Amino acid sequence: AKEQAEGKLPSGASYRLPSDEEWSWATGLPAEAGATPEQKHGKNSVDFPWGQVWPPPAQAGNYADETFHAQFPKPDPANPRFANPWIAGYTDGFATTSPVGGFPANAHGLHDLGGNVWQWCEDWWNAQQQDRVLRGNSFPESNRDRMLSSVRHHTPPGVRYNNHGFRCVLAGFAPSGTPDGT
């Protein structure tokens with residue numbers, strides 16, 4: 001409403017979180033079987049936000065790298081089950097979060113679909129509607145299987161962590177020459 005009143009947002013346009021399906025499309029995932037994000041979780045075992053190679057190539061995103069390891073070489077005393085593993089040989093230059101747009105855009109012109117922070121989606125994790133879906137992974141991650149584009153995380157709404165964030169979708173507005181505004 002504020003941006004519409006200031007003339008920065010066209011009438012009828014609004015911001016919202018992306019859907020789980022939109023996130024999958026944005027990362028280039030092929031169609032996924034399943035009715036809920038829970039059912040789709042981790043089923044594709046070959047596609048990453050940067051392609052199909054492992055380990056990630058240089059500047060693939062903000063993950064647990066050599067910089068992370070230098071700052072956090074030992075397990076967190078507050079949570080000793082986390083041993084702070086990292087991707088040996090990979091360096092993105094950030095021990096924790098990085099600036100938005102700090103890594104190259106993908107084929108759709110979108111930045112930061114992998115690493116940095118888990119990003120909230122509109123969807124519920126499953127039919128119980130207790131947890132919302134998060135996508136994209138975050139800076140302390142080094143596990144290959146958890147870095148796949150098909151991986152989802154789920155958390156109750158309102159929970160806050162230093163590796164959770166969001167991106168906005170501009171909906172209901174179509175600049176001339178585009179099929180829709182999403």
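These numbers were taken from a predicted model, which means no experiment stands behind them.
- For Lys40 (side chain) and Thr36 (main-chain N/O), no donor-acceptor pair under 3.5 Å exists by modelled atom type.
- Atoms OG and CZ, from Ser98 and Phe103 in turn, are 4.5 Å apart once rounded to the nearest 0.5 Å.
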Checklist line | Intermediate values then yes/no, ring-ring contact (aromatic ring centres under 6.0 Å, His included), Tyr63 and Trp50 | finding: CA-CA 12 Å; Tyr63 300 103; Trp50 60 83; 5.6 Å; yes

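- To the nearest 0.5 Å, the span separating CD on Glu38 from CG on Asn126 amounts to 4.5 Å.
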Margin query: Pair Glu22, Arg167 - check salt bridge (charged side-chain N to carboxylate O under 4.0 Å, His left out), show working.
Written below: CA-CA 12 Å; Glu22 288 169 331; Arg167 74 174 54 227; over 6 Å; no

Item checked: Val169 vs Tyr15, side chain to side chain contact (heavy atoms under 4.5 Å, CB included): CA-CA, chis, key distance, verdict -> CA-CA 6 Å; Val169 171; Tyr15 295 114; over 6 Å; no

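- Atom CG of Leu170 sits about 9.0 Å away from atom CD of Glu3, to the nearest 0.5 Å.
- With ring centers used as reference points, His41 lies under 6.0 Å from Trp125.
- Judged by distance alone, with hydrogens and angles left aside, the side-chain atoms of Asp65 form a donor-acceptor pair with the main-chain N or O of Gly93 at under 3.5 Å.
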Check: Yes or no on side-chain hydrogen bond (donor to acceptor under 3.5 Å, both in side chains) for Asp47 and Gln52, after CA distance, side-chain angles and deciding distance?
Finding: CA-CA 5 Å; Asp47 289 306; Gln52 294 186 337; 2.8 Å; yes

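- The structure places CG of Asp112 at 7.0 Å from CD of Gln119, a figure rounded to the nearest 0.5 Å.
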Margin query: Would Ser149 and Met147 count as a side chain to side chain contact (heavy atoms under 4.5 Å, CB included) here? Give the steps.
Written below: CA-CA 6 Å; Ser149 293; Met147 294 169 72; over 6 Å; no

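- At least one cation-pi condition fails for Arg135 and Trp118: the charged atom is not both under 6.0 angstrom from the six-membered ring centre and inside a 45 degree cone around its axis.
- By the criterion of side-chain heavy atoms lying less than 4.5 angstrom apart, applied directly or through intervening Ile, Leu, Val, Met, Phe, Trp or Tyr residues, Leu148 is grouped together with Leu134 in one hydrophobic cluster.
- Hydrophobic clustering (side-chain heavy atoms under 4.5 Å, transitive across Ile, Leu, Val, Met, Phe, Trp, Tyr) groups Trp54 together with Val151.
- Glu141 places no side-chain N or O within donor-acceptor distance of the main-chain N or O of Asn137, the cut-off being under 3.5 Å.
- A centroid separation of 6.0 Å or more is found between the aromatic rings of His154 and Trp124.
- Counting heavy atoms from C-beta outward, Tyr90 and Phe68 have side chains that stay 4.5 Å or more apart.
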Check: Can Phe94 and Asn116 be said to form a side chain to side chain contact (heavy atoms under 4.5 Å, CB included), step by step?
Finding: CA-CA 9 Å; Phe94 299 97; Asn116 211 27; over 6 Å; no

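- By the neighbour-count criterion of 12 heavy atoms within 6.0 Å, atom CD of Glu21 is sparsely surrounded, having that number or fewer from other residues, nucleotides or ligands.
- Applying the side-chain hydrogen bond (donor to acceptor under 3.5 Å, both in side chains) test to every pair with at least one member in residues 157-166, sequence neighbours left out, gives these pairs: Ser138-Asn163.
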Check: Can Arg132 and Asp123 be said to form a salt bridge (charged side-chain N to carboxylate O under 4.0 Å, His left out), step by step?
Finding: CA-CA 6 Å; Arg132 292 277 186 189; Asp123 301 73; over 6 Å; no

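- With a 4.5 Å cut-off on side-chain heavy atoms, His153 and Cys121 do not count as touching.
- Taken to the nearest 0.5 Å, the CZ atom of Phe48 stands 12.0 Å off from the OG1 atom of Thr27.
- Heavy atoms from other residues, nucleotides or ligands lying under 6.0 Å from CH2 of Trp86 number 12 at most.
- Using a 4.5 Å heavy-atom cutoff, the side chains of Lys43 and Ser150 are not in contact.
- Defined by atom type and a distance below 3.5 Å, a donor-acceptor pair is missing between the side-chain atoms of Glu32 and Asn44.
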